[in-house]
Amino acid sequence: MSQNLVFTNEVATALDTILDTKAYNRLAVIVDENTGRLVLPEVKSIHLSNAHVITIGAGDACKTLDTLTCVWEGLEQCGATRKSVVVNLGGGVVTDLGGFAAATFKRGIDFINIPTTLLSAVDAAVGGKTGINFKGLKNEIGCFKEASDVIISTCFLKTLSVEELKSGYAEMLKHGMLSNHDEFKKLLNYDFKNADAEQLLELLKTSVLVKEGIVREDPHENGIRRALNLGHTVGHAFESKALHGGKPIAHGYAVAWGLVAEMVLSHNILKFPSEDLHHLANFVYENYGAYHITCDDYDELLQLMHHDKKSQSGEINCTLLAACGDVRPGHVISDDDMRIALDIYRDLMHI
Ligand code: GLY
């Protein structure tokens, strides 16, 4: 497997350069209602101006078998063959679903991802996970198939809300912590509220390459790729609890709060430095606020963590850090240790 990653704010030129070198007979571009309106007209690519446009609904609720069928129909209608290519221009729903549509159409055709959100640029668009939700389960049907090329840019970020930016930034924080202490500090010091496209592109490049390195080592998530779940065991439990309670929270926010709780565990179990834990907690509190829980919520949260789909046999499983860059995947966490961590999370988040 090899995926060509291009970091640039000259997206149209990058796309035309890639397509000039390949002899594709048809080009289909998949957008959602928002990227079709706001982003597609901005990408002045010669090839894209002749593409067959397939528009899907925006948001996770549209990541369905029905939408997938519409995309396959669109590919049929434009006469796509094995020698055709799909360009996915959008956030994680477009790159996941569009990637899966391409991976399965005529047993698989090439696709190029152009992520338009920070979250998809730093995570979903890279690494070959494609798929759809099914029967209420997220990403239940899918396959590993990497985009042939991913064009990563920060020039679309002006179309995003601050919440969407912060959501993506939480995954960058995660990559920084998996990488080394310098990256972690750099991310804590960056003023992403006044995001500068070029400066952010540099940070994003380093961040995506952390993920790319891990995926290269373990493309099918049999081992070290699980490290990318840092912050997600607790984060997913917060996200699910909020969803069940009718007040959904953004994925990246849940990850930011999950990182704090899991660094408490890392400190208690592996002596992750207290100073770094406090810097992280302060950054998260200042920029994301707090996810409010009381001790009455612990049983529900523990239940959710035991049923996390990443858990192999019903135990609570976390990736922990002994220090930034010193990654220890696959820690089984006792309920008592998790309760203590949630107590300390509440103290750090001033709850
Ligand atoms: N989002 C984590 C991964 O791609 O493995």
Side-chain angles (χ1 to χ4, degrees), residues 1-5 60 63 88 90-100 102-103 111 113-133 137-150 152 164 166-179 183 187 204-240 249-259 262 305 308-312 317-321 327-331:
M1 279 209 297
S2 78
Q3 183 164 52
N4 175 35
L5 301 181
D60 202 61
K63 202 170 155 186
N88 296 315
V93 173
V94 170
T95 56
D96 278 10
L97 186 144
F100 187 51
F111 63 99
N113 283 340
I114 309 181
T116 58
T117 65
L118 190 55
L119 191 57
S120 59
V122 76
D123 193 18
V126 175
K129 284 188 179 175
T130 73
I132 56 167
N133 303 332
L137 298 171
K138 279 176 77 75
N139 302 321
E140 183 68 355
I141 308 290
C143 67
F144 287 102
K145 171 91 193 308
E146 290 200 317
S148 55
D149 308 84
V150 187
I152 295 170
E164 283 172 304
K166 287 183 182 178
S167 209
Y169 202 82
E171 296 282 358
M172 289 174 65
L173 263 183
K174 177 193 82 177
H175 289 163
M177 299 181 80
L178 290 171
S179 170
E183 273 317 304
L187 287 161
L204 186 55
K205 181 172 178 180
T206 313
S207 190
V208 171
L209 292 179
V210 172
K211 173 165 183 181
E212 147 88 353
I214 292 172
V215 171
R216 225 23 77 232
E217 234 180 280
D218 177 22
H220 295 135
E221 201 170 24
N222 295 316
I224 189 66
R225 186 166 181 167
R226 296 197 187 122
L228 294 172
N229 296 323
L230 190 73
H232 283 63
T233 300
V234 176
H236 278 155
F238 286 171
E239 207 177 351
S240 300
I249 52 178
H251 175 71
Y253 279 58
V255 170
W257 295 317
L259 280 172
E262 293 184 20
M305 290 180 217
D308 190 294
K309 77 165 177 255
K310 302 273 195 284
S311 163
Q312 305 283 327
N317 205 292
C318 287
T319 290
L320 300 182
L321 300 180
V327 185
R328 313 286 179 88
H331 268 267

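One-based numbering, in listed order, for ligands and for the atoms of each.
- Judged purely by distance below 3.5 Å, without hydrogens or angles, the side chains of N133 and D60 pair a donor atom with an acceptor atom.
- The atoms of ligand 1 that sit less than 4.0 Å from any heavy atom of D123 are 1 (N), 2 (C), 4 (O).
- Distances from atom 5 (O) of ligand 1 to the heavy atoms of R226, H220, R225 show the closest one on R225.
- K211 counts as a contact of ligand 1, since one of its heavy atoms falls under 4.0 Å from the ligand.
- To the nearest 0.5 angstrom, M172 atom CE is 5.0 Å from S207 atom OG.
- Here's the thing with K129: one of its N/O atoms is less than 3.5 angstrom from an N/O atom of ligand 1.
- Between the NZ atom of K63 and the NZ atom of K138 there is a distance of 5.5 Å, given to the nearest 0.5 Å.
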key: From CA spacing to verdict: salt bridge (Lys or Arg N to Asp or Glu O under 4.0 Å), D218, R226   = CA-CA 9 Å; D218 177 22; R226 296 197 187 122; over 6 Å; no
